[in-house]
Protein chains: 2
Amino acid sequence: MTTQPIYDVFENHCPARMVLDRLADKWALLILNGLKDGPVRFNSIRRNIKGISQKVLSQTLKKLERDGIISRAVFPTVPVTVEYALTPLGHTLTETVDALAHWAEDHMDSVVAAQQAYDAADGGRV
Amino acid sequence: MTTQPIYDVFENHCPARMVLDRLADKWALLILNGLKDGPVRFNSIRRNIKGISQKVLSQTLKKLERDGIISRAVFPTVPVTVEYALTPLGHTLTETVDALAHWAEDHMDSVVAAQQAYDAADGGRV
DNA sequence: CCGCATCCTATGGGATACTG
DNA sequence: CAGTATCCCATAGGATGCGG
């Protein structure tokens, strides 16, 4: 109890595990990545991220807001306008999230090649 | 223009989206993180990652192997010994994955605080 | 335009038991 | 030790329709 406050993602009940879990979500990662250049409106995000449903977007945004990673601003226009943006806390994430997304784009070829090699060997065993 | 066939994680059918999806998995992230210091045996990984089931571990390892991110080495001892390790490709990921895990550990307090504030406000509205 | 509510299916993932 | 195979349930998440 004295000096055990170091958090560890490998521990089952550590809050850090929970946080990592939130981040380990493709939709969340894509949303965060989409917000890195400034506030974006709901339907704009939705259009940017191909394939996301309105429900999932809504849910994910709310979770991220609850986590203090993004903020939600409502403008009383008619009809209403809502903008989502990264909070300062959220900004500390952009680099990392960006890195992950870029890794995916950069090494995709290698991954696809590896998959084909694997399947051609005995992975595709039937 | 020169290099426009750049893949885009925001595109629905882009392979990069698939790769990101693979990475956006808390178990995969934890496994990769656990392998960053060298080869580890199956049950050892399992013990290190609290709460992972043997089924999920097995599945995730296989996927990562298929993706060429980790390698699997079998030693014909009795009983058999199997070691998992990062491939060169996998090594290019460690920094990023590490960053994500560290972010979770470092900013967990802020996240938890944000959650409580959110719930105390109107998030907990019933 | 923003987003909640509902329905419904597919999948993730835990527990358990068995093989090489 | 290192898995594979089942069973089985909880949840994710798509589709659709309504309300502010």
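Any value given below was found using the heavy atoms of this structure, including those in side chains, with hydrogens, waters and symmetry copies removed.
No donor-acceptor distance shorter than 3.5 angstrom exists from the side chain of B:Thr81 to the backbone of B:Phe75, with no hydrogens or angles considered. B:Arg17 contributes a side-chain N or O that, together with a main-chain N or O of A:Lys50, makes up a donor-acceptor pair within less than 3.5 Å.
Between the base of C:dC4 and the side chain of A:Gln54 there is a donor-acceptor pair shorter than 3.5 Å.
For C:dG3, the OP1/OP2 oxygens have no side-chain nitrogen or oxygen of A:Ser58 closer than 4.0 Å.
Regarding B:Phe42, its CZ atom lies at a distance of 15 Å from the C1' atom of C:dG20, rounded to whole Å. For the pair B:Lys62 NZ and D:dA2 P, the computed distance is 15 Å after rounding to whole Å. Counting to the nearest Å, the C1' atom of C:dT11 and the CH2 atom of A:Trp27 are 15 Å from each other. In this structure, B:Arg41 places its CZ atom 11 Å from P of D:dG3, rounding to the nearest Å. Atom OH in B:Tyr84 sits roughly 7 Å away from atom C1' in D:dA2 (whole-Å rounding). In this structure, A:Leu57 places its CG atom 14 Å from P of D:dA15, rounding to the nearest Å. For the pair B:Gln59 CD and D:dG3 C1', the interatomic distance rounds to 12 Å; values are reported in whole Å. Remark: P of C:dG13 and CD1 of B:Ile31 are 11 Å apart, rounded to the nearest angstrom.
At the heavy-atom level, B:Arg46 lies nowhere under 4.0 Å from the strands shown.
In this structure, the nucleotide among D:dG14, C:dG14, D:dC1 sitting nearest to the side chain of B:Pro79 is D:dC1. Of the candidates C:dG3, D:dT4, C:dT6, C:dG3 carries the atom nearest the A:Arg72 side chain, counting heavy atoms from C-beta on. Comparing D:dA12, C:dG3, C:dG13 against the side chain of A:Lys63 picks out D:dA12 as the nearest.
The nearest heavy atom of DNA chain D to A:Lys26 and to A:Val80 marks one nucleotide each, and the one closer to the 5' end goes with A:Lys26.
A salt bridge does not link A:Glu83 to A:Arg41: none of the charged nitrogens lies less than 4.0 Å from a carboxylate oxygen. A salt bridge links B:Arg66 with A:Asp119; the closest basic N to acidic carboxylate O contact falls under 4.0 Å.
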Check step by step if salt bridge (Lys or Arg N to Asp or Glu O under 4.0 Å) holds for B:Lys26 and A:Asp25. CA-CA 8 Å; B:Lys26 84 172 166 187; A:Asp25 170 29; over 6 Å; no
